[in-house]
Amino acid sequence: MKQLFTFIKKEFFHVFRDRKTLLMLFGLPIVQIVLFGFALTNEVKNAKIVIADYSKDVTTKKIIDKIEASKYFEVEKSLKSHNEIEAAFREGKIKLAVIFPENFNEDLMHLNKAQMQVIADASDINTANTLTNYISSIVMDYQRELMQNVAISLSITPEIRMLYNPELKGEHIFIPGIMAMIMMLVCVMMTSISIVKEKELGTMEILLVSPFKPLMVIFAKFIPYLIISFFNITSILLLSVYALDLPIKGNIFLLYGEALLFIMTSLSIGLLISINAQSQQTAMFGSLMATMLPTLLLSGFMFPIENMPVPLQVISNVVPSKWFFQIVKAIMIKGAGFSAIWKETVILIGMTIFLMAVSLKKFKIRLE
Amino acid sequence: MAESVIKTEKLTKRFGDFIAANELTFDVKAGEIFGFLGANGAGKTTAMRMLCGLSIPSSGKATVAGFDVYKHTDEIKRNIGYMSQKFSLYEDLTVAENIRFYAGIYGLSNKEIKDKSEELVHQLGLEGETKKLVRELPLGWKQKLSFSVAIVHQPKIVFMDEPTSGVDPVTRRQFWDLIYAAADKGMTIFVTTHYMDESEYCNRISIMVDGVIRALDTPYNLKKQFSANSMDEVFYGLAREAKRTGD
């Protein structure tokens, strides 16, 4: 036990002596949150939208004026027909369509409530979210103005539809995505590099000749990165709750438990890579290819899986971050409990056991 | 006659059809400096790995420090030290941290580690450098430190795989002083080397060619046996017969 502790301490020395690694380990989560959280989501200016007003009354006129006055939107007036609008959406010419049904004002006056439709191009989820929020608040504003003049309560409900990507409606999915990415980076890349480094330097040989068990070497390598990962998750969550106002709806312990599972998955991928790689460069590129790219492209983080060609959808199933991404999304955003994510959890456990078994087997063979 | 600390009988390692080490039979006495010579690919490393408990032999018998290489690799590992041609030190750790780490993984107590560190640092004259990163030390110092670290747990036998490659002659000489000092304390030294002048420092030498031990005796007797003037001649005479090419 003391030997293990000595070893773990040494691993921490390696981490803390290397400024560049340190910066990457602790700075990257913060940079990514800031990038995704602020630079990419908040301000969307002059987004092209179209307004289809089938009611053409005083109320709709006023709302339209407000939308046009806003610096966020640029109303495309040339598009009139339903088909034209649809085509414009498909070609990405417009980001959003606001539709007032025929009897909008009548409903509002007689039934005291009216519905309007807001359709957003959700293939770019962040923009879609921001734009629909803007529209909603403009409508809310107007509603408040109306209420000041009349005694009865009036309500205008913008019915929001996310085009192309209905599942992701209203979700800030980049936090789960960043969590998956950071953990992949820390656990897979750092672990594999640190193991391969020992091979490259020749120190691995010395360790194998010592009474220190080979399995313990692996274990001692895991611990520091496990701790760093937990630190990173915590900092990501803190930032998302306090800096970005994105609350965690589900159980935090469940979230950490699932994160631990995903860390184990990542560590076993890192181990597998380090057994096969002979140099640090190989380990690094291997890690990038095996983790970062699939996480970015196939986890559903950047691009909705539903919109992918079927072969890619099938391949996405073997990407562990896809499952972790769905788990975190469910816990953080939908507030789901374990019953909703047990399937994904089982899949991750299965992957971890499989990867662990393969790498330990290969590790033993290599020792021979 | 001192007792044997390494004893092998027809020790063989096969990789498929390839016989890396073929029926090696020799013994090494306690306190002896035993030179293990051979061209690249002759099977030195394979033999050494079997003796260190890193590789299970295909057939034959061997004991190291009285323990069987098939069954008691853990006990063997506790009783041997190992130094490879590559640096066994962590460059981003300080001198003191390196000593503490290696002493630590061999399970020495805190007090032992402290005493040993002081003794080692004093012996090497590194008093002012303990807080320096190993990266900043000159090559010769690293080599010497590496040896001292390899024997920090006072093993019965220390295996060295070409420990002096790439070191200047003066440092090599100093390095051998350290080896002699260790041998004087009763430690057995098992060393492979490329330098024929170094082989003269050994008590006994074995020369491997194509996986087989072709000669084994004191440098003096070997020169007589092959009627050669130097170990160089003995070695090249034997090595020329090799059919395998080095790696």
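Lettering follows sequence order; numbering is per chain, from 1. Just the heavy atoms: all of them, side chains too, but no hydrogens, waters or symmetry mates, feed the values below.
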Give, as side chain, backbone, both or neither, the part of N110(B) having an atom under 4.5 angstrom from any heavy atom of chain A. both
Distance-minimising heavy-atom pair for Y106(B) and S210(A): OH-CA, 3.4 Å
Quick check on L108(B) against chain A: is it the side chain, the backbone, both or neither that has a heavy atom closer than 4.5 Å? backbone
With only heavy atoms counted, which part of I113(B) is less than 4.5 Å from chain A, the side chain, the backbone, both or neither? side chain
Who among L93(B), L133(B), D74(B), N98(B) has the most heavy-atom pairs with chain A under 4.5 Å? L93(B)
Can you tell me which portion of Y102(B) sits under 4.5 Å from chain A's heavy atoms? Options are side chain, backbone, both or neither. side chain
How long is the straight-line distance from OG1 of T45(B) back to CD of E205(A), given to the nearest 0.5 Å? 8.5 Å
More than 12 non-hydrogen atoms from neighbouring residues, nucleotides or ligands closer than 6.0 Å to CZ on F354(A), yes or no? no
Would the F7(A) and F101(B) ring centres measure less than 6.0 Å apart? yes
When every non-hydrogen atom of R78(B) is compared with those of P211(A), the smallest separation belongs to CG-CG, 3.8 Å
Using the side chain to side chain contact (heavy atoms under 4.5 Å, CB included) rule, take I80(B) and V209(A) through it: C-alpha gap first, then chi angles, then the decisive distance, then the call. CA-CA 8 Å; I80(B) 61 170; V209(A) 178; 3.7 Å; yes
Would you indicate whether the side-chain heavy atoms of R100(B) and T6(A) approach each other to under 4.5 Å? no
Give me the atom names and distance for the closest heavy-atom approach of S84(B) to G202(A). OG-O, 4.4 Å
Atom pair CD1/SG of I206(A) and C52(B) - distance to nearest 0.5 Å: 9.5 Å
Is the shortest side-chain heavy-atom distance between E97(B) and R17(A) below 4.5 Å? yes
Compare all side-chain heavy atoms of K213(A) with those of K77(B) and state whether any distance is below 4.5 angstrom. no
Could you check whether any side-chain heavy atom of I105(B) comes within less than 4.5 Å of a side-chain heavy atom of L207(A), counting everything from C-beta outward? yes
